[in-house]
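Submitted below is the structure of interest, expressed as structure tokens.
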Amino acid sequence: MRYSQTLIPTMKETPEGAEIPSHVLMLRAGMISQVMAGAYSYLPLGWRSLRKAEAIIREEMDRAGAVELHMPALTPISLWQRSGRVDAFGDVLIQFKVRRRNQDAHLALGPTHEEIVTDIVARYVNSYRQLPITLYQVQTKFRNEERPRFGVLRTSEFLMKDAYSFDASVEGLNASYQRMYDAYCRIFDRCGIEYLPVEAESGPIGGDASHEFMVPAENGEDSVVHCGACGYAANLERAEIGPRDTTASTAEPKPLAPLDTPGASTIEQVTKLLKCKSTKLIKTIIYTADDEPIAVLVRGDHEVNEAKVRRAVGAARLALAEPDVIEKVTGAPVGFAGPVGLSIPIWADEDVRVMSNAIVGANKADTHLVGVNLERDFSVTTFADLRNADADDACPRCGKAMKLRKSIEVGHVFKLGTKYSEALDARFLDDQEKQHAVIMGCYGIGVNRILASLIETCHDENGIVWPLALAPYEVVVSPLNVSDQETLAAAESLYDELAAAGVDVLLDDRDQRPGVKFKDADLIGIPLRIVVGGRGLKNGELECKWRWKADAEMIPLAGAAETIVGLVNAEKANPTALGPRAKS
RNA sequence: CGGGGCGUGGCGCAGCCUGGCUAGCGCGCUUGACUGGGGGUCAAGAGGUCGCAGGUUCAAAUCCUGUCGCCCCGACCA
């Protein structure tokens with residue numbers, strides 16, 4: 001492509017409103033253009049990169065035996081009603097009515113496609129002989145995000161690769177899941193992304209049923225814990241916590257005493273009022289577990305993990321108790337609950353075991369108790385791991401301290417089970433003529449997020465540093481002075497040869513000063529830059545520079561195309577791009 | 001949904017508090033000349049309903065009210 005004939009509106013300045021590197025650089029490099037909050041046009045350069053990511057995904061999906069199809073973004077609301085997800089999605093589901101033959105057709109834009117694909121399988125797959133099968137598509141998804149943000153990272157319309165596996169047995173599901181998991185690793189490896197497959201909350205299926213593929217990045221919206229020693233990684237909802245600090249306090253037990261704390265109903269207010277650390281408080285939260293009230297205790301600086309509580313208690317349903325239940329159980333308004341004198345089951349996180357002279361709610365309005373001690377003042381029904389993991393918690397595998405890392409979720413694999421196949425009647429007959437619901441898995445990749453997370457971790461002060469795999473163009477040929485016939489002719493013939501050899505090459509044929517061309521090439525991050533200038537031509541040489549290297553090297557003009565093709569192929573085969581280390 | 005910020009040529013900003021000449025500056029753009037290895041110089045230009053609506057005033061980019069849009073923090077996120 002000739003630079004003069006495409007549209008690459010680079011910007012010297014950062015548009016107002018863009019703050020994180022991927023957003024700033026995608027705008028400045030002329031890759032995207034905002035249409036409204038949460039919706040972007042992909043300009044030619046951005047579109048090329050997006051298509052490269054898509055192509056890698058397709059190749060690896062196909063290699064893993066998945067079959068591509070294409071479903072509509074437009075869907076009937078009835079499908080979502082059948083699965084019960086109209087309510088589950090709430091306002092996130094974009095729905096509307098259109099007039100058709102004087103009737104209202106109630107439609108929704110697909111936020112994901114479990115219902116649609118399951119309906120297809122329900123229609124056409126009836127026998128175990130047709131299983132297993134994995135179907136996938138690359139499709140635009142629509143979600144009415146409460147708050148679109150961070151450029152292309154969270155938008156209301158985005159490109160997603162979604163795959164769905166259908167199996168006749170749990171063993172089959174496990175095999176399909178593993179194939180997708182492996183394919184995901186290959187995809188992100190090929191994209192040059194540094195990623196972490198983490199254990200994720202798996203919902204009712206339990207077990208090893210869900211992994212998220214996370215890219216550690218400062219501006220990520222999610223947090224994962226990661227053990228640098230053994231590699232254990234999990235999202236906060238899922239992370240187990242290793243051995244706790246069991247050193248009992250040596251402090252002399254103080255007498256139990258009430259204290260007036262008017263209006264202080266939150267941990268923050270209490271710590272401010274009493275000028276104490278939140279680690280001295282015991283947070284008492286009343287839940288209803290299958291409609292029975294229970295109290296859950298965690299240290300003041302910790303957060304209750306509802307999934308852990310639900311599993312520990314063995315409840316099907318767990319919810320924060322309604323205010324009237326809390327008042328009935330504790331005798332106090334919300335914010336003053338405490339374990340002393342409670343008559344409902346008390347579940348406590350392990351860390352509560354070693355607390356002494358704690359501060360708790362007094363089960364009385366505007367009052368807290370100080371000098372509270374386990375056994376003497378209250379007892380706990382059961383101790384368990386009930387809280388979210390945090391930085392410096394011990395790794396459950398090796399016991400070393402874990403780190404908390406902000407991350408971007410780029411992929412998610414999930415064993416679904418029969419939730420949708422049952423709701424939408426996707427059943428098959430086994431070889432005994434017995435009918436079963438098809439067992440499903442679903443696997444998503446945010447294509448836009450691949451680009452954003454790559455840029456987020458691979459840029460320097462001059463711009464994007466693309467790996468060859470995702471770069472919109474692999475090579476840019478820059479004649480420094482296009483009004484010099486010799487320079488232009490040399491650049492054009494090199495450009496023709498490279499293009500003929502199948503290299504994605506951009507010819508910067510603009511009548512611009514060298515500085516402008518260099519700055520733009522760096523900003524848009526083309527991996528290999530070939531400079532055709534009078535200085536080199538005199539010696540029969542071209543300058544050749546990788547975006548991620550500090551220095552250029554000279555190559556002979558004669559046979560330059562072959563040399564460059566060789567360099568590109570070598571880089572493709574064995575990437576040396578600095579990756580995240582290029583970060584400024 | 002709670003909190004905060006911003007809307008002024010294509011882009012980035014100043015002006016607003018304390019109302020008053022023809023609304024400025026940088027970048028970009030057009031034309032010409034010079035220049036030609038890291039966003040060059042000179043000259044001449046084009047381009048703005050100051051987000052929108054209403055109000056106050058002799059007079060509104062500036063003050064008041066409403067409204068729309070965008071961004072950030074938090075809550076939420078199959």
Side-chain angles (χ1 to χ4, degrees), chain A residues 7 9-20 23-24 27-28 30 33-40 80 83-93 108 110-115 118 141-151 153-156 158 160 162 164 200-205 210 212 219 221-222 235-237 268 303 409 412-414 416-417 419-420 423 440 442-444 446 461-463 478-484 486-488 508 510-523 529-538 541-543 545 550 552 554:
Chain A
L7 180 67
T10 58
M11 281 178 275
K12 207 185 271 190
E13 281 165 307
T14 300
E16 185 205 15
E19 299 201 344
I20 69 170
H23 192 195
V24 169
L27 287 167
R28 286 195 50 213
S33 173
Q34 183 172 28
V35 176
M36 60 176 208
Y40 288 83
W80 304 93
S83 69
R85 286 217 285 182
V86 175
D87 289 337
F89 274 114
D91 288 338
V92 171
L93 187 68
T112 175
H113 281 76
E114 280 85 1
E115 281 80 353
T118 306
K141 303 286 192 249
F142 297 87
R143 295 182 194 182
N144 181 34
E145 288 292 344
E146 296 288 320
R147 190 181 147 209
R149 61 183 128 175
F150 296 147
L153 268 184
R154 178 164 292 268
T155 51
S156 300
F158 58 97
M160 183 169 170
D162 47 326
Y164 307 90
E201 187 48 50
S202 48
I205 287 192
S210 172
E212 290 170 342
N219 293 301
E221 293 183 280
D222 300 301
N235 75 12
L236 284 192
E237 289 73 48
E268 199 189 350
E303 276 177 50
E409 181 187 351
H412 198 165
V413 292
F414 200 97
L416 277 177
K419 178 177 173 188
Y420 297 101
M440 294 174 58
C442 69
Y443 317 91
E461 64 280 4
N462 293 315
S478 290
L480 288 191
N481 182 352
V482 294
S483 54
D484 178 70
E486 191 193 353
T487 303
L488 187 61
D508 193 348
R510 296 174 299 168
D511 185 9
Q512 288 288 355
R513 301 188 53 95
V516 174
K517 296 190 179 192
F518 292 148
K519 287 288 181 190
D520 276 339
D522 285 349
L523 177 59
R529 188 186 75 196
I530 308 298
V531 174
V532 185
R535 213 159 69 187
L537 282 184
K538 272 187 200 131
E541 289 180 323
L542 298 174
E543 179 190 297
K545 179 181 175 299
M554 303 305 291

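Here is how names work: the chains are called A, B, and so on, in the same order as the sequence lines, proteins then strands, and each is numbered from 1.
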#### Entry: Base-contact (B) and sugar-phosphate-only (S) positions in nucleotides 71-76 of chain B, heavy-atom cut-off under 4.0 Å, - elsewhere
SSBBBB
### Task
Decide yes or no, distance alone: a donor-acceptor N/O pair under 3.5 angstrom between the base of B:rG38 and the side-chain of A:D522.
yes
### Pairing partner (Watson-Crick or G-U wobble, both distances under 3.5 angstrom) of B:rC13
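Paired with B:rC13, as far as the under-3.5 Å criterion goes, is B:rG24.
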### Query
Taking atom OG of A:S478 and atom NZ of A:K517, what is their separation to the nearest 0.5 Å?
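So the OG of A:S478 and the NZ of A:K517 are separated by 6.0 Å.
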Under 3.5 Å, which N/O atoms of the protein pair with N/O atoms of nucleotides 39-41 of chain B?
residue: B:rG39; atom: O2'; partner: A:K12; partner atom: NZ; Å: 2.9
residue: B:rG39; atom: N1; partner: A:D520; partner atom: OD1; Å: 3.4
residue: B:rG39; atom: N2; partner: A:D520; partner atom: OD1; Å: 3.3
residue: B:rG39; atom: N2; partner: A:D520; partner atom: OD2; Å: 3.4
residue: B:rG40; atom: N9; partner: A:R513; partner atom: NE; Å: 3.4
residue: B:rG40; atom: N7; partner: A:R513; partner atom: NE; Å: 3.3

#### Entry: Heavy-atom side-chain proximity of A:V531 to A:K545 below 4.5 angstrom
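Result no, sub-4.5 Å side-chain heavy-atom pair not found.
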## Note on the structure
A:E212 atom CD is separated from B:rA78 atom C1', nearest whole Å, by 12 Å
### Query
To the nearest Å, how far apart are A:E13 CD and B:rG28 P?
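After rounding, the reported distance stands at 10 Å.
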### Task
Spell out yes or no: do the side chain of A:D511 and the base of B:rG36 have one donor N/O and one acceptor N/O closer than 3.5 Å?
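It does, because a donor-acceptor pair links the side chain of A:D511 to the base of B:rG36 below 3.5 Å.
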### Message
Counting C-beta onward and ignoring hydrogens, is there a side-chain heavy-atom pair between A:L537 and A:V532 closer than 4.5 Å?
### Response
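Heavy-atom side-chain distance check passes, below 4.5 Å.
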### Message
Working to the nearest 0.5 angstrom, can you tell me the gap between A:T155 OG1 and A:M36 CE?
### Response
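Separation between the atoms: 9.5 Å.
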Enumerate all atom pairs, one protein N or O and one N or O from nucleotides 45-48 of chain B, separated by less than 3.5 Å.
none

### Message
Classify A:V531 by what it touches in the nucleic acid, base, sugar-phosphate, or nothing, heavy-atom distance under 4.0 Å.
### Response
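Result for A:V531 = base.
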### Message
I need the CD-C1' distance between A:Q512 and B:rG38, as an integer number of Å.
### Response
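In whole Å, B:rG38 C1' and A:Q512 CD are 13 Å from each other.
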### Message
From C-beta outward on A:F518, which listed nucleotide comes closest to its side chain: B:rC29, B:rG38, B:rG12?
### Response
B:rG38
### Query
Hey, does A:C442 have a side-chain heavy atom less than 4.5 Å from the side chain of A:E114?
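Yes - at least one pair of side-chain heavy atoms lies under 4.5 Å apart.
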#### Entry: Candidate pair A:F518 and A:N462, rule side-chain contact (heavy atoms from CB on, under 4.5 Å), full reasoning
CA-CA 10 Å; A:F518 292 148; A:N462 293 315; over 6 Å; no
